[in-house]
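Everything on this sheet refers to the single structure shown next.
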Amino acid sequence: MELKKMTGYAAVELVEDGNVVGLGTGSTTYYFIEKLGNRIKEEKMDILGIPTSYQSFLLANESGIPITTLEEHDIDIAVDGADEVDGNLNLIKGGGAAHTMEKIVDYAADRFIVVVDESKIVDKLGKFPVPMEVIPQACRTVSNHVKQLGGIPNLRMGKRKGGPVITDNGNFVLDVKFESIDAPAYLEKELNFIPGVVENGIFSGVADEVIVGTSNGVKNLKNKLIAI
Ligand code: 5RP
């Protein structure tokens, strides 16, 4: 948890007064949002946040970050976590079932910063299953399509809630394990072609920078030290 904390905190330094900020979801962005709220108070910054989930919406409210929407503002910078990151800055996201709104917000940002601890860095994507948000009525047909593409789908089940996880948008999540993902950009498009798929968790070619929490400090992907 300490690595996530120092990574989330380090990303706050990239936010400038006057920015509209995309607020990612998860335990690493939790620290980013918390610290951003502190900075706004201490430095009297003029910041607006655009949340990617109910989780980040509630946390932003608690942290005193004024909220706006994509209808009203463009995004200067988005900061979000990831479940896997490869050397070409391709990502798998959606461990928190929030990848649809995360993709909308992160892709819309002028600058998209990913915050992860070092356990998320991989040579090739695919150890983590690809989350797919699916319209409930299409769950079986999407599963059949996914199997034809070589994936093994698993309906994500709730914890302390009977039945499947329901996303912020009222849909199901299939976690799809692929043997290996050789062409993330291709697979991202292929999965979204399947009728009933709302969005999948591959984010190819969109991250501008990855900030990594390591036991030797916070670094970028090229191993340059950013903070200790
Ligand atoms: C939520 C996400 C998260 O950003 C991702 O799961 C990483 O979370 P954490 O920072 O808790 O490890 O994509 O849908």
Side-chain angles (χ1 to χ4, degrees), residues 1-12 21-36 49-60 63 75 77-86 89-109 112-122 125-134 154-159 164-177 181 184 188 191-192 197-204 206-215 218-219 221:
M1 205 41 92
E2 270 311 302
L3 293 188
K4 291 189 178 200
K5 189 173 183 172
M6 64 193 212
T7 313
Y9 279 13
V12 173
V21 184
L23 306 171
T25 297
S27 53
T28 317
T29 48
Y30 169 92
Y31 293 111
F32 169 76
I33 294 170
E34 177 189 69
K35 181 87 170 172
L36 181 61
I50 300 192
T52 54
S53 61
Y54 286 131
Q55 185 194 52
S56 59
F57 170 74
L58 292 172
L59 185 56
S63 308
I75 302 179
I77 181 169
V79 175
D80 206 347
D83 301 297
E84 275 188 354
V85 179
D86 75 12
L89 277 60
N90 297 309
L91 320 172
I92 293 180
K93 287 184 51 53
H99 57 279
T100 298
M101 199 58 205
E102 291 176 323
K103 197 177 270 194
I104 293 167
V105 167
D106 297 343
Y107 275 61
F112 171 31
I113 312 290
V114 181
V115 284
V116 288
D117 64 67
E118 56 196 345
S119 69
K120 307 287 185 68
I121 307 298
V122 296
L125 297 183
K127 283 192 196 75
F128 196 89
V130 178
M132 294 177 67
E133 180 164 355
V134 171
N154 251 306
L155 182 60
R156 193 181 298 181
M157 302 308 278
K159 293 206 174 89
V165 164
I166 307 294
T167 68
D168 289 354
N169 313 305
N171 298 311
F172 289 178
V173 176
L174 289 173
D175 289 307
V176 185
K177 182 77 182 76
I181 299 178
E188 181 181 3
L191 294 176
N192 277 1
V197 173
V198 178
E199 191 52 80
N200 73 80
I202 299 177
F203 287 46
S204 62
V206 67
D208 293 303
E209 213 174 307
V210 179
I211 300 185
V212 190
T214 78
S215 42
V218 182
K219 302 181 173 185
L221 258 198

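These values consider heavy atoms only, across backbone and side chains, with no hydrogens, waters or symmetry-generated copies. The structure displayed is predicted, hence computed values, not measured ones. All ligand and atom numbering here is 1-based and tracks the order in the structure.
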Taking it one step at a time, do Glu118 and Leu3 satisfy side chain to side chain contact (heavy atoms under 4.5 Å, CB included)?
CA-CA 8 Å; Glu118 56 196 345; Leu3 293 188; 3.9 Å; yes
Step by step, would you call Thr214 with Lys219 a side-chain hydrogen bond (donor to acceptor under 3.5 Å, both in side chains)?
CA-CA 7 Å; Thr214 78; Lys219 302 181 173 185; 4.5 Å; no
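For atom 8 (O) of ligand 1, the closest non-hydrogen atom of the protein is Gly26 CA, 4.1 Å. Scanning the protein for heavy atoms near atom 11 (O) of ligand 1, the closest one is Ser27 OG, 2.4 Å. Of the protein's non-hydrogen atoms, Asp83 OD1, 2.6 Å is the one closest to atom 6 (O) of ligand 1. When hydrogens are left out, the protein atom nearest atom 12 (O) of ligand 1 is Lys120 NZ, 2.7 Å; that is the closest non-hydrogen contact. Here the heavy atom of the protein found nearest to atom 10 (O) of ligand 1 is Thr28 OG1, 2.6 Å.
Residue contacts with ligand 1, taken as heavy atom pairs separated by less than 4.0 Å, involve Ala82 solely via the backbone atoms N, CA, C and O. When non-hydrogen atoms are compared, ligand 1 lies under 4.0 Å from the side chain of Asp80 (C-beta onward) but not from its backbone. The part of Ala97 lying near ligand 1 is the backbone, judged by heavy-atom distances below 4.0 Å.
Across Val173 and Ala97, no two heavy atoms sit closer than the pair CG2-CB, 3.9 Å. Between Gly126 and Ile181 the shortest heavy-atom distance is CA-CD1, 3.9 Å. Leu191 and Ile202 make their closest contact through CD1-CD1, 4.4 Å (heavy atoms, listed as atom of the first residue, atom of the second, distance).
Taking a cutoff of 4.0 Å between a charged side-chain nitrogen and a carboxylate oxygen, Lys103 and Glu133 do not qualify as a salt bridge.
Considering CZ of Phe32 and CG of Leu23, their distance stands at 6.5 Å, rounded to 0.5 Å.
At a 4.0 Å cut-off, not a single heavy atom of Gly24 sits close enough to ligand 1 to count as contact.
In this structure, Tyr9 and Tyr31 have perpendicular ring planes: the angle between them is above 60°, well past the 30° mark.
Looking at Thr25 next to ligand 1, an N or O pair under 3.5 Å apart turns up.
Interface of Lys4 with ligand 1, defined as ligand atoms under 4.0 Å from a residue heavy atom, comprises 9 (P), 11 (O), 12 (O). Interface of Gly81 with ligand 1, defined as ligand atoms under 4.0 Å from a residue heavy atom, comprises 4 (O). For ligand 1, the atoms closer than 4.0 angstrom to any heavy atom of Gly94 are 2 (C), 13 (O), 14 (O).
Residues Thr52 and Thr25 bring a donor and an acceptor atom of their side chains to less than 3.5 Å of each other.
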